[in-house]
Structures are given as C-alpha cells and as structure tokens.
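Structure, as structure tokens:
For ligands, and for the atoms within them, numbers begin at 1 and follow the listed sequence. In this chain, residues are counted from 1 in sequence order. Values below: every heavy atom of this structure, side chains too, minus hydrogens, waters and symmetry copies.
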Amino acid sequence: MTPLDNLPTPAKKSDPKTLAVEIIERLKHGTGKDPKAAKPHDWLQAVILVVRDRLVDHWIEWKDESRNEKRVYYLSLEFLIGRLMRDAITNLGLEGEINQALANIGVDLDILRELEPDAALGNGGLGRLAACFMESMASVGIPAYGYGIRYQHGLFRQEIRDGWQVELPEMWLSHGNPWEFERRESAYEIGFGGTVEPRGHDKTGVPTFRWKPSERMTAAAYDTPVVGWKGDHVNSLRLWSAQPIDPILLARFNAGDYVGALEESNRAETLTQVLYPQDSHIAGQELRLRQEFFFSSASLQDILRRHGQLFHTFDNLPEKVAIQLNDTHPAIAVAEMMRLLIDNEGYDFARAWELTNGTFAYTNHTLLPEALESWPVALIERLLPRHMQIIYQINAMVLKSARKDGLADEVISRISLIDEGGERRVRMGNLAFMGSHSVNGVSALHSDLMKETVFADLNAVFPGRINNKTNGITPRRWLAQCNPALLRLVQGVVGDVDLMAETEALTGITGMADDAGFQSSFEAIKRRNKEQLARVIQQRMGLRVDPGAIFDIQIKRIHEYKRQLLNLIETVALYDQIRSHPEKDWVPRVKIFAGKAAPSYHTAKLIIKLANDIARVVNNDPIVGDLLKVVFLPNYNVSLAEVLVPAADLSEQISTAGMEASGTGNMKFALNGAVTIGTLDGANVEIKDLVGDENIVIFGLTAQEVSDRRAIGRDPGEIIAASPELAQALRAIKDGAFSADDPSRYADLIGGIESHDWFMVSDDFDSYTAAQRRVDALWSDRATWNRMAILNTANVGWFSSDRTIRQYASDIWGVPTK
Ligand SMILES: *Cc1c(COP(=O)(O)O)cnc(C)c1O
C-alpha cells in the first residue's frame, strides 16, 4: 500500500457545462491565450486537450488492468491515421456534449475539425489498414501497441499546377501535436556499421559474438493514445524519432569546426525526416533500410524490456507476446530478435529460433515483383554485420533440412534467403516467412495466389503456415463519423442493437430494400452527401457539378495496375459518343478521380495530367453540358476520402485481376451504399459473394485468364483493331485531342498499350464499356438502383475490421477478445 493507492481518482464529468468550463480553462492555462482573442487554432488545441484528459484516465486504467495479459505488437512502417479528434469524441460518446459545450461558448465544432491536420504517416491501403487495426484492437479489448516511425514529414501534399502533380512537403507538426506524449524515459540506442567480435564460447562450446557498431543514435518514443469504441480500452501507438546521442561533438566544436560538430546530429535527425512516398514499389535506398532497422530494433528492445521486467525470463515469450509484421518492411526484426536473444540474453541458436518463430507472424500485402523487398548482401553486411551473420545461419539451417527432405536444387535456390541471380541479395519475404509461425494474405483470392506464386515453394516446405485474413475497415470512421445520417436511418430500422460493435446486424435493413419510403430516405441522404461534395468541388475547383448525375468515383493511389487509364479511356469513348449523338437520353455522370502518384513514377504522373487534360476539354464543351463532367480533386487523403465515400453512387474497383491484394476502399464505398463496378480481384470477390451477383457490376478477365494470356502472349494491336470504340479513343488521346499544346504528350503512354499492355486495358475495355452501359440502365430505374445500394450497405458489415482482428486474435495471436 502506498499513498497513491488511496488517491481518489474521480472520473471526469462530461456534461456540456463542465466541458465548457474546462475548455476555457485549458485555453487559458494550457495554451496561454485570452478567450476573447483566441483564434480557431487555439480553440482546437483546447478542445483536444480536454478530450485527451478523458482518454488518459481510461488509458492508465487499461494499462494497469492488462499488465499480465498477452500483448499484441503491430509493427508497421506506416500508419495512415488521418484526423483524430472526431474519432476520439465519437468513441468516447461525447459528440453531443462537446457540440453543446462549444455552442455555449460560441465556437463551431465543424470549423475546428477542418483545422486539424491529417496525420498522413502512410501511402495508401497498407497504412490505412494499420490505423483501422489499431482502432479495432482497442475496440475488441486486445492489449496492443502499434510501433512505427514519427516522420517529421508524412506523405507529401499534392497540388495540381497546369494539370501536373506538384509535391510539397507535408507540415503536419507545424502547430505541434497535442495528441502525443514524449516519453523521455523510453529511449534506446540503435547501432549501425562496425564489426562483429568473437567473445568466447557458451556452455556447449559454441562460439559467441558481440556486435560493435561504429555509428550510434537514440530512438525516442512518442505515444499517441488510440481509443476503442465506447472508450473502455485505450492502447498506444508508439512512434520512434531518431536523435543524436551527442547533439554537439564538443571536441570538434572547440576546435572551431562548428558544422562538423553537428554532423552526428544531422545524420540522426535525417533518419526519421520523411516517409518514402512509394506505394507497392520499393526504391531500395540505404536510408530506407536504416529506417526499417531503426524502428524494428527500438520496438524489440522496448518489447523485451517490458517483458523482462514482468517475467524475468524470455522462455515464455510466445505465450505473452505476439508480433505482427505489416509486410516485409520490419522483416529485419526477425534477425534482430535472434541477435538480442542470443547475444544479450544468452540463448542458443535453436532455442532462440523457437522463441522467435513462436512470436512472429507476417502479413503479405502484394504479389507485385517490384514490391518484393530485397537488399544487397553487401549493404546489409556493411550496415548490420551481425544480422548478416545470423541470416546466413538461419538460411543454412533451413536449407540443410530441405536438402535432407530431398528437395531439388532449383527449389532450394528459390526458398533460399539469398537471391544469387546477379548481385547477391537478401529476400526479405523469405526471411519474414521462415521467421514466422503464421503467414497471411489479405483476401481469399490473394491468399490462394500466394500459395501458387511467390510462396509456392515455401508453402510446400512449411505446409499450413499460409492462411487468409481478409482486410477490414473500422465502421466507426467509415460509417458513423463520415455518414452519421445513414447510420441514424439504419439504426431506426434495426432497433436496439449496437451497430458499431455488431456491424453485421446491418442485414436487419434487408427487408426494407424494396420499401418505397425507406428507399426515398436512403436516396435523400445520398443526395445531401452529394450536394456537400458538390460544394467542395465548387470551392476547390470552381466547377459546378449536378448532384442529380451519377457520381462515379475512383480514388486511390495512381498506379498502372489500378487502371485509372481504363477509366479515362472509357471517359473519352463516352465523350465521343455523346458528341456524336447528343440527342440520345444519356445518363448524366460526374467522373471523379483523386490520388497521389509516387514522385518518381513517371507514367502515373502522366496519367494525372491526362485526367486533367480530359477534364479541361470535356468540362468546357457546350454540347456535352451536364451530361458529363470530369473532376480530379487534388491531395487525396483520409479526410477527403471521408467526404467522397458517402457521396458515391458508383465505386470504381477495376484493377487487373490478380494484382490488387485486397483493396479496402472498395469496402468503404459498399458500406456507404455505392454500387461497385469491378473486376474479380482482391476483396471484390468477397463483396460479390456477400451482396449477391445482382447487386454488383462485374466485368473483365479473371485472375486465371490474365495469367493464361500473359503466359501465351497476345497482340494488343489485334484486340484494338477489333474494337472501333477503343481504337478511336486511343487515337484521339495519342494524336493530341486533349493536349493541343503538346500533341505528342501521350504518344508513349498509348504506345505502351498498343505494344504490350501489361495491365490488359485493351483486353478488358469492351467488357468494361458494356458494364458501364448496364450501370446506366440500372440507374435509370431508380427503384432498382436504390434496392442495390441498400443491399450493399446491408450486407457488407462483415468487412468491419473488428471481424478481421478477431480472426487474427483467435487464429494467429492466441489472445481473447471482448
Ligand atoms: C482506404 C484508403 C486507401 C486504400 O484505397 P484502395 O482503393 O483500397 O487502394 C488509400 N488511401 C486512403 C486515404 C484511404 O482512406
């Protein structure tokens, strides 16, 4: 018993009056501002601090309560969080109270919301998944930590100038970050380079080693609380920032070398400056490998310190710790765990391997060859010499056993950790696979393809290790917060059930799909969301769009495999048709695009320019008028998605089959009552199974057909020649109909389609166009369309990330959920 045990800790009251008083109090004493002179940014800060206080109470309680439970550690180089304030307020159930409190002070919560910067510490789906998972782990009561990097600059801000993407630095920390807590006590030393020195022998005579790094820095922890639904559980997102051990090298400073004295400082701080802006592609820069090791090492040291303090042994590591690797970005952690257990804790190799393998699990996110990480052996040897030694040792052990089992040479060289074709490289996917007891894909189709392609050989050597965990999205952000009116409507039908906890209960509206009254309410909500989006388009682009038209939306990273180009070519074909037959009763459409291209991805940036060129021509053609509008909204991020998703009638999910691992944008749209036009790729397959064939518009080649065609080889020229509509659209783009200022701008882009067309745009074009005209017909019968939209919302509750997390918990982590 200490005096602290008797300390009364009254729960903070949260009625509007108390909140108003506290907000003013926080404004004065937390930010040092006079309420009479305070700016909206100051009020935002004050509101966040008041909400945060309430989180902290739950946070401390939950940490204490879950002390001895098994914990989950989610290692991810990306967390695409977005804004946090609305998330915290809804999950704490304080929406009404805070609104009222602010109304009493004369401050508008909606205005404050728009001021909060997006935490864009991720590129796209992979990073957003990590954010949804953090929220779901807290919601289902799993004691969990997210570990990542506190990038000074998250994903770049995109501006469109003269139709081209321009990248500007994202300054998300420029007003400070009231959500985070710096933990000065949790700092770890991270080494690079140097040598490996023999230290002696262990009890059994095996030689032991010690790594002597030549370069060292500190990883400093910053914690952000992540609150689950209803606020009972609050976990931590711990992000690491690199800092120099000696900020100023005094010897050099005293010698008059002021710049040299800061060298170490600059070198450390550079490490966590920026997020690499490539999605589904690995650039292979040394700094990236440094980031990967830096955050993996800091996280493992933190995990082992916490475990050691509680249990004083690591023999029970797999019983108390589950580490999930989000893609191969943290795969070096497998070697680092081995090093820490062997060199620091005195375990022998075999036992260390058992503990490591029992603790780690790995999620694969892509089959694209350009995204499969591998690092030159020479680079790892120079940066992480002890780890290279351990990787060789793991490889020897696994390959020896494979050889004993009689595996052929080709198979052995394919499962090897070392790729010997050309410059010798370490295959990080194979390292993550071997070091983990579970390897999962992110949709049923993707997991099946993993077994047939990248991991076919490893799957044969380690049967049963590959499993599927179809991705999900949090219904709190992607329904309750972004579309509160829709939630209220469905809640009124399903009655007294907590849809945010039991999202599958959305099926309760199935019986209303044909009800005229319900249909009109559903349609009215969609209409208001579209009007809201139309206002945003008007404000940002100066373009007026008709909310009565179909809002046809494709928003995601710009990538050839996602085929924005297919959509754009179809847009051009439609434009031609409308111009040729303006008298027909065309269904008015607004085609909306948004997404960022990696700054070094030339083709993707050209696709953005093409979208803007087409928009300029089409939007200014008087013959077309409101029948067709094309919009490219700049700077796609989580907050923009929250406005676009609820306003969509049609969700474009048109990747080349077999190439999109899962997609999660597809789930957000379906949940908000958009109909999907899509290929049988990723989780589209599961969306189709859930909503039924008649409530989704599927077109195009299957994954099997794509791979067959690639194997046999085909001539896109022949396909184009057989499709007059396609040929005409391609010709128009190629000949400069949309780029009069530079007629040959798109010659190579279209030339690529005519010559090889790896992503099968021409193969799928006719099927896609036919599917779009089916969409027109369905839309024209509004009762049919509304029924489809309603049945989408009704049937996709299964995609709640709570369901995904429960599956990880029971099948992979072995932790209970509430
Ligand atoms: C959901 C989401 C993604 C993933 O979208 P996909 O269509 O699955 O590629 C990417 N970026 C943001 C901001 C998102 O919210």
I'd like to check which ligand 1 atoms, numbered from 1 as shown, lie under 4.0 Å from a non-hydrogen atom of G124. 10 (C), 11 (N)
In ligand 1, which numbered atoms sit nearer than 4.0 Å to a non-hydrogen atom of G125? 3 (C), 4 (C), 10 (C)
Take R150 and E180, measure what salt bridge (Lys or Arg N to Asp or Glu O under 4.0 Å) needs, and give me the verdict at the end. CA-CA 10 Å; R150 182 178 178 273; E180 70 184 7; 2.8 Å; yes
Using a 6.0 Å distance limit plus a 45 degree cone around the ring axis, check whether R710 lies over the aromatic ring of W758. yes
Exercise: identify the closest heavy-atom pair between Y147 and W240: CD2-NE1, 3.5 Å
Take R557 and D279, measure what salt bridge (Lys or Arg N to Asp or Glu O under 4.0 Å) needs, and give me the verdict at the end. CA-CA 8 Å; R557 286 301 287 249; D279 189 65; 5.1 Å; no
Shortest protein heavy-atom distance from atom 11 (N) of ligand 1, along with the residue and atom involved: Y636 CE2, 3.5 Å
Using a 4.0 Å cut-off to any heavy atom of V638, which atoms of ligand 1 qualify? 13 (C)
Quick note on ligand 1: atoms under 4.0 Å from a heavy atom of W478 include exactly 15 (O)
Among all the protein's non-hydrogen atoms, which is closest to atom 5 (O) of ligand 1, and how far away is it? G665 N, 3.8 Å
If I apply the N/O under 3.5 Å rule, does K562 come out as touching ligand 1? yes
Given E531, which partner from the list R535, R527, R528 fulfils the side chain to side chain donor-acceptor pair (under 3.5 Å) test? R527
Which atoms of ligand 1 are found less than 4.0 Å from any heavy atom of T664? 1 (C), 4 (C), 8 (O)
At less than 4.0 angstrom from any non-hydrogen atom of G663, what atoms of ligand 1 do you find? 8 (O)
Only heavy atoms of K668, strictly under 4.0 Å: list the atoms of ligand 1 that pass. 1 (C), 2 (C), 3 (C), 14 (C), 15 (O)
Classify the contact between L640 and ligand 1 as side chain, backbone, both or neither, using a heavy-atom distance cut-off of under 4.0 Å. neither
Is it the case that the side chain of D757 and the backbone of S762 share a donor-acceptor pair, with hydrogens and angles ignored and the cut-off at 3.5 Å? yes
Could you tell me whether the side chain of H153 and the main chain of E170 form a donor-acceptor pair under 3.5 Å? yes
Using a strict cut-off of 4.0 Å, indicate which atoms of ligand 1 neighbour a heavy atom of K556. 6 (P), 7 (O), 9 (O)
Test salt bridge (Lys or Arg N to Asp or Glu O under 4.0 Å) applied to R476 and E135, E642, E95, the passing residue: E135
